[in-house]
Asks: 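Dumping the structure here so I can ask a few things about it.
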2 protein chains.
Amino acid sequence: MDQRSDAGHPTVGAWTKRCYLAGRALMDSTLRPYDLGSTQWYVLWHLAHVGPTVQRDLGRALELERATLSGIVATLVRKGLVRQTSSGDDQRQRLLTLTAAGETLWRELPDLSFIHDAAFGGIDEAELATTIRVLQTATGRLNNLLRKE
Amino acid sequence: MDQRSDAGHPTVGAWTKRCYLAGRALMDSTLRPYDLGSTQWYVLWHLAHVGPTVQRDLGRALELERATLSGIVATLVRKGLVRQTSSGDDQRQRLLTLTAAGETLWRELPDLSFIHDAAFGGIDEAELATTIRVLQTATGRLNNLLRKE
DNA sequence: CGAATATCGCTAGGTAGCGAACGAATTATG
DNA sequence: CATAATTCGTTCGCTACCTAGCGATATTCG
């Protein structure tokens, strides 16, 4: 979504895309030596910090569709980093746990918080708050339109 | 790239992702009846407004890698909407032109500018300017880090 | 209780993005 | 001029997002 105006001057939409893709690119390139994608990293992060999690809850936490997470988990299982066991309560649910290999790899991984700091560190707090409010407003409006279709 | 903080409160990065994805989702769902993706729409837009364009220049205008655009153009060619001819000057270059079918389809397509208006319309100009500046700064920093790797 | 409904995870098929590597063509350089 | 370096577009293989639809399980409700 470039959303650049006809005149070619920069729009909020265009910068939103650029910024999102640049951040993801830096995450990806940092994680490339570990053969890990950015969203795979978030799954490991969650399992390492929160502990074993039912797939459904993980999907809600990371704001991913079931199908999307399903594929990412399959990759991590194939790599031997995550284990899927059937949860006792609900036979449909799958409980996700880090394997020993997953825990070992997690300890080797670099801290990725430097990316957010590098991007937004030192910027005036009020301006950051404004940015969040604008993006939040726009997102809400877009999701409203989406739901009405 | 969620980039949500450990505490879980919203970060600029998280909202950047949400906003970008919400905008693209609305574009995609608007274009679904025409069996067209958002970036395909941008290619048609450019060819309809600017005229026949060398693939390389189109890639720069839309800020897409050669490989990415290559695939998108292939799809549009397969659909019979765009024609690829070899440019006279440089035998490597490929000139892109709308076919008759492409021009016909373009005339039927809805105006998508309502999306940007719906998202950011009515928001204080100064706040929008701040948002752009923050995102622009962050993007620049991220790209700097990327280049240094 | 039994039937309709909802939810969980998976598969299939699609778009959009990337890097790496390659052939062909062009440009720069020794 | 000949060779080296670059550029253009393609292909390959990957991540990450989506919708639609399926089977199995839970839940709700008549």
Side-chain angles (χ1 to χ4, degrees), chain A residues 1-2 17-18 20-43 53-60 62-79 84-96 143 146 149, chain B residues 1-2 17-18 20-43 53-60 62-79 84-96 143 146 149:
Chain A
M1 177 197 56
D2 288 56
K17 173 178 184 176
R18 291 188 191 111
Y20 165 66
L21 288 180
R24 207 153 82 81
L26 187 52
M27 280 192 77
D28 285 343
S29 89
T30 306
L31 292 172
R32 208 176 317 279
Y34 307 93
D35 193 29
L36 223 55
S38 48
T39 305
Q40 294 172 32
W41 185 89
Y42 277 108
V43 170
T53 310
V54 164
Q55 196 161 316
R56 165 189 167 283
D57 296 335
L58 183 58
R60 301 220 169 145
L62 300 185
E63 297 173 29
L64 297 172
E65 286 301 316
R66 285 173 296 164
T68 304
L69 185 55
S70 208
I72 288 163
V73 167
T75 303
L76 291 172
V77 168
R78 180 170 44 75
K79 288 180 184 171
Q84 254 177 337
T85 58
S86 52
S87 154
D89 320 347
D90 188 329
Q91 287 309 112
R92 296 167 301 180
Q93 295 184 348
R94 308 269 253 146
L95 187 67
L96 302 179
N143 284 332
L146 259 173
E149 285 198 0
Chain B
M1 177 197 53
D2 288 58
K17 173 178 184 177
R18 290 188 191 112
Y20 166 65
L21 288 180
R24 207 153 81 82
L26 187 52
M27 280 191 77
D28 285 343
S29 88
T30 306
L31 291 171
R32 208 178 318 277
Y34 307 93
D35 192 30
L36 223 54
S38 49
T39 305
Q40 294 171 33
W41 184 90
Y42 277 107
V43 170
T53 309
V54 163
Q55 196 160 316
R56 166 189 168 281
D57 296 335
L58 182 57
R60 303 220 168 146
L62 300 184
E63 298 174 28
L64 297 172
E65 287 299 316
R66 283 173 296 163
T68 305
L69 185 55
S70 207
I72 288 162
V73 167
T75 302
L76 291 172
V77 168
R78 179 169 45 76
K79 290 179 183 170
Q84 252 177 337
T85 58
S86 51
S87 154
D89 321 346
D90 189 329
Q91 287 309 111
R92 295 167 304 181
Q93 294 184 348
R94 309 267 253 146
L95 187 69
L96 302 178
N143 284 331
L146 259 173
E149 286 198 358

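The sequence lines fix the lettering, A, B, ..., with proteins before strands; numbering per chain opens at 1.
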Asks: Just to verify, what does A:Gln84 make a side-chain hydrogen bond (donor to acceptor under 3.5 Å, both in side chains) with, not counting sequence neighbours?
Replies: A:Gln55, A:Arg94

Asks: B:Arg32 CZ to C:dG13 P: how many Å, rounded?
Replies: 18 Å

Asks: Can you list the steps and then say if A:Arg78 with A:Thr75 is a side chain to side chain contact (heavy atoms under 4.5 Å, CB included)?
Replies: CA-CA 5 Å; A:Arg78 180 170 44 75; A:Thr75 303; 3.3 Å; yes

Asks: For B:Asp90, enumerate each residue passing the side-chain hydrogen bond (donor to acceptor under 3.5 Å, both in side chains) test, keeping only those at least two apart in sequence or located in another chain.
Replies: B:Arg92

Asks: Quick one: pull up OG1 in A:Thr53 and CD in A:Gln93 and give me the separation to the nearest 0.5 Å.
Replies: 11.5 Å

Asks: Could you check how far CG of B:Leu31 sits from C1' of C:dA16, rounded to whole Å?
Replies: 14 Å

Asks: How many Å lie between CG on B:Leu62 and P on D:dG9, as a whole number?
Replies: 13 Å

Asks: Are there any protein N/O atoms within less than 3.5 Å of an N/O atom in nucleotides 10-16 of chain D, and if so, which ones and at what distance?
Replies:
from, atom 1, to, atom 2, distance (Å)
D:dT10, OP1, B:Gln84, NE2, 2.8
D:dT10, OP1, B:Arg94, NH2, 3.4
D:dT10, OP2, B:Gln55, NE2, 2.8
D:dT10, OP2, B:Ser70, OG, 2.5
D:dT10, O5', B:Ser70, OG, 3.3
D:dA16, OP1, A:Ser38, N, 2.5
D:dA16, OP1, A:Ser38, OG, 3.3
D:dA16, OP1, A:Thr39, N, 2.5
D:dA16, OP2, A:Gln40, NE2, 3.3

Asks: Could you tell me how far apart B:Tyr34 (OH) and C:dT15 (C1') are, to the nearest whole angstrom?
Replies: 19 Å

Asks: Is the closest side-chain heavy-atom distance between B:Leu36 and B:Lys79 below 4.5 Å?
Replies: yes

Asks: Within the sub-3.5 Å range, which N or O atoms of nucleotides 24-27 of chain C have a protein N or O partner, and how far apart are they?
Replies:
from, atom 1, to, atom 2, distance (Å)
C:dT26, OP1, B:Gln91, N, 2.9

Asks: How many Å lie between CD on B:Glu65 and C1' on D:dC8, as a whole number?
Replies: 13 Å

Asks: Measure from CE on A:Met27 to C1' on C:dC18 and round the result to the nearest Å.
Replies: 15 Å

Asks: Could you go step by step and tell me if A:Met27 and A:Tyr42 meet the side chain to side chain contact (heavy atoms under 4.5 Å, CB included) rule?
Replies: CA-CA 11 Å; A:Met27 280 192 77; A:Tyr42 277 108; 3.7 Å; yes

Asks: To the nearest Å, how far apart are B:Asp57 CG and D:dC8 P?
Replies: 9 Å

Asks: For DNA chain C, what are the stems built from at least three Watson-Crick or G-U pairs in a row, each pair having both distances below 3.5 Å?
Replies: C:1-30 with D:1-30

Asks: When you compare the side chain of A:Leu21 with that of B:Glu63, does any pair of heavy atoms fall below 4.5 Å?
Replies: no

Asks: About how many Å separate CG of A:Leu58 and CG of A:Leu64, when rounded to the nearest 0.5 Å?
Replies: 7.5 Å

Asks: Taking side chain to side chain contact (heavy atoms under 4.5 Å, CB included) as the test, write out the residues that go with B:Ser86, two or more places apart.
Replies: none

Asks: Give the rounded distance in Å between these two atoms: CG of B:Leu21 and C1' of D:dT19.
Replies: 15 Å

Asks: Applying side chain to side chain contact (heavy atoms under 4.5 Å, CB included), run through B:Asn143 and A:Arg18 and close with a yes or a no.
Replies: CA-CA 10 Å; B:Asn143 284 331; A:Arg18 291 188 191 111; over 6 Å; no

Asks: Grab the two heavy atoms, one from A:Ser29 and one from B:Leu146, that are nearest each other, plus how far apart they are.
Replies: OG-CD2, 3.8 Å

